[in-house]
Amino acid sequence: MVIIQGGMGVAISDWRLARSVSCLGPLGVVSGTALDQILARRLQMGDPGGHMRRALDHFPVPRLAERVWDDYYVAGGKAPGESFVTPPMPTAAPSADWQALCVVANFVEVFLAREGHTNPVGINFLEKIQIPHLPSIYGAMLAGVSYVLMGAGIPLKIPGLLDRFVNHETATYPLTTTGTSPGEGVSLSFDPRELTAVDLPPLTRPLFLAIIASDVLALTLARRANGRVDGFIVEAPTAGGHNAPPRGALQLNERGEPVYGPRDVVDLDKLRALGLPFWLAGGSGTPERLREALAAGAAGVQVGTAFAMCAESGLRDDLKRSLMAQVQAGTTDIRTDPKASPTGFPFKVANLPGTLSDPAVLAARPRICDLGFLREAYRQDDGEIGFRCPAEPANLFVSKGGDGSNTSGRACICNALMATAGMPQIRAGKHVEAAIVTMGDELGGVARFLRPGASSYTAADVIAAIAPAAS
Ligand SMILES: Cc1cc2nc3c(=O)[nH]c(=O)nc-3n(C[C@H](O)[C@H](O)[C@H](O)COP(=O)(O)O)c2cc1C
């Protein structure tokens, strides 16, 4: 497997893109981020094409699939100005209904990506979005996912839960909680048998690839994870999406972007010494970069931006067209924004009018937190677990003990990324959530996939250009 199509949330690497890629030989990876909300919205849009229904019909516990259908499906789709009904925000003690929605939604995405071929399919998660991990991974395994890829954190406790879900055993996951000492926080728990109430045959344990930006982290994962780590994706700060922060004190360049230096370069000798396969990511979508990666001992490359811009991706068509016009005019502008994402990780943002890259659009958005994936868990004065996000109303964030200086410039990327995938929330019949687009530094380079006279390209064009014999 020389090429991996990187997981891209929210719903940019959806089942269509991952299926197209896997059918062609490389590894197609669906994004596992926010799939509960995505399934709920696709159903409220009337399930165009009937794909959700088809996948639900294959869910091994029909009772749970029907419940999701009954709760969210709107025949013919909701009226254009109507708001989406939003499933509850995840909490430390989630309801059985929400857990079922998560299991079913992850099953649906992987099932559809695997439909009609026998090649492997992967799923990508961000470690920071912890509450959905257990039901999401279980749902993806029920659908036969072959790889779980995880970045944006230190996923030490993921490999062990993959082992437990093979036999549908209860698994737990420690919820990182500000204000608690290690071992003192909440442990999330999920019992598949309690939810399904049926005996299902054993599942296949997917391979686990950790996404890292430091050889020290790779070593820690290889030595201390609670189960087998099967390989690494080595992601450079040129990659689209979230980037690891630079090591040491944060310094900004004249554009206000974090400055990366020699300490941020992964030592591939140390990585090779671990004896596990690795793939290089970040501006790696060219035959030259693939050759260099192979020469450096990598198994191949992981590519995101080139696939995000191809016809099959879940990026909204109008946004794709605007970006492609910039690509063709040579005017792309990608900024590594240290503040935009509530995670605190630098986040690559494409400068595109009408989106949250425009400070006026960002300032005009009423601050509201109602999806809550990136909320931080913290211990309240009464000992209970609370949740806060620097993109929520500033006074609310401060009343929860948050640092007020942390709130300016923060975008609600949960709502914005749903809009980017064509499922924007509409509030009070008029305020439509604006999009935010993330792309890698080398967005401009996707021009090389365009055939003469064309203004779009496919996943097959990307693969043919990078590695004609890729498999
Ligand atoms: C639109 C977009 C969304 C992304 N979302 C995620 C994500 O949700 N999780 C993740 O681990 N990586 C994410 N990435 C990173 C990709 O998986 C991949 O590693 C990266 O894009 C490779 O670098 P490139 O963009 O230069 O090809 C995203 C990248 C893009 C372009």
Side-chain angles (χ1 to χ4, degrees), residues 3-14 17-18 21 26-35 38 109 122-129 132 136 147-153 155 158 208-213 232-244 278-286 289-290 293 298 300-310 312-316 319-320 323 332 334 336 340-341 343 345-350 352 355 373-374 413-414 416-421 435-446 448-449 459 462-463 465-466:
I3 301 178
I4 297 177
Q5 163 255 304
M8 294 177 282
V10 170
I12 302 299
S13 64
D14 59 5
L17 175 60
V21 172
L27 181 66
V29 177
V30 295
S31 164
T33 304
L35 285 176
I38 290 163
E109 201 71 5
I123 192 162
N124 172 283
F125 298 104
L126 303 178
E127 200 282 331
K128 278 225 167 195
I129 304 182
S136 297
Y147 288 83
V148 170
L149 300 90
M150 191 178 284
I158 296 291
F208 180 68
L209 305 183
I211 304 168
I212 50 111
F232 298 101
I233 310 290
V234 183
E235 207 177 57
T238 51
H242 285 97
N243 300 138
F278 61 92
W279 288 259
L280 301 187
S284 298
T286 65
R289 291 300 306 273
L290 173 59
V301 291
Q302 171 167 291
V303 177
T305 298
F307 286 113
M309 288 293 288
C310 78
E312 297 96 324
S313 86
L315 178 64
R316 230 168 65 194
L319 298 172
K320 213 182 276 176
L323 287 169
T332 55
I334 306 295
T336 308
S341 170
T343 60
F345 283 17
F347 187 60
K348 287 267 191 297
V349 179
L352 202 61
T355 69
F373 289 102
L374 296 175
I413 64 172
C414 295
L417 290 174
M418 294 296 287
T420 310
I436 193 165
V437 176
T438 180
M439 288 285 156
D441 285 347
E442 298 190 21
L443 170 63
V446 306
R448 68 182 170 280
F449 305 119
V462 175
I463 295 161
I466 301 173

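Excluded from the calculations below are hydrogen atoms, water molecules and symmetry mates; all remaining heavy atoms, backbone and side chain alike, are included. Atoms within a ligand are numbered from 1 in the order they appear, just like the ligands themselves.
- Of all heavy-atom pairs spanning A210 and P155, the tightest one is CB-CG, 4.4 Å.
- In terms of polar-atom proximity, defined here as any N/O pair under 3.5 Å, I12 makes no such contact with ligand 1.
- For ligand 1, the polar-atom distance check against T33 finds no nitrogen or oxygen pair separated by under 3.5 Å.
- Polar contact check, T305 against ligand 1: a nitrogen or oxygen pair lies under 3.5 Å apart.
- Looking from atom 7 (C) of ligand 1 to the surrounding protein, the closest heavy atom is G7 O, 3.4 Å.
- When hydrogens are left out, the protein atom nearest atom 20 (C) of ligand 1 is A239 CB, 3.8 Å; that is the closest non-hydrogen contact.
- Here's the thing with G282: one of its N/O atoms is less than 3.5 angstrom from an N/O atom of ligand 1.
- Any N or O atom pair closer than 3.5 Å counts here, and M8 shares no such pair with ligand 1.
- Taking the six-membered ring for Trp and thresholds of 30 and 60 degrees, F347 and H242 have ring planes inclined between 30 and 60 degrees apart.
- Among all non-hydrogen protein atoms, the one lying nearest atom 27 (O) of ligand 1 is G304 N, 2.8 Å.
- Numbered from 1 in the order shown, with element, the atoms of ligand 1 that lie under 4.0 Å from a heavy atom of G6 read 17 (O).
- Considering backbone and side-chain atoms together, G283 places an N or O closer than 3.5 Å to an N or O of ligand 1.
- The nearest heavy-atom contact from the protein to atom 11 (O) of ligand 1 is N124 ND2, 2.9 Å.
- Residue contact check for ligand 1: S31 places no non-hydrogen atom closer than 4.0 Å to it.
- Residue G9 has at least one nitrogen or oxygen atom sitting less than 3.5 Å from a nitrogen or oxygen atom of ligand 1, judged on distance alone.
- Checking only distances, T438 never comes within under 3.5 Å of ligand 1, N or O to N or O.
- Within ligand 1, the atoms closer than 4.0 Å to a non-hydrogen atom of V303 are 27 (O), numbered from 1 in the order shown.
- An N or O contact shorter than 3.5 Å is missing between M439 and ligand 1 by distance.
- Distance from atom 19 (O) of ligand 1 to its nearest protein heavy atom, with residue and atom name: E235 OE2, 2.5 Å.
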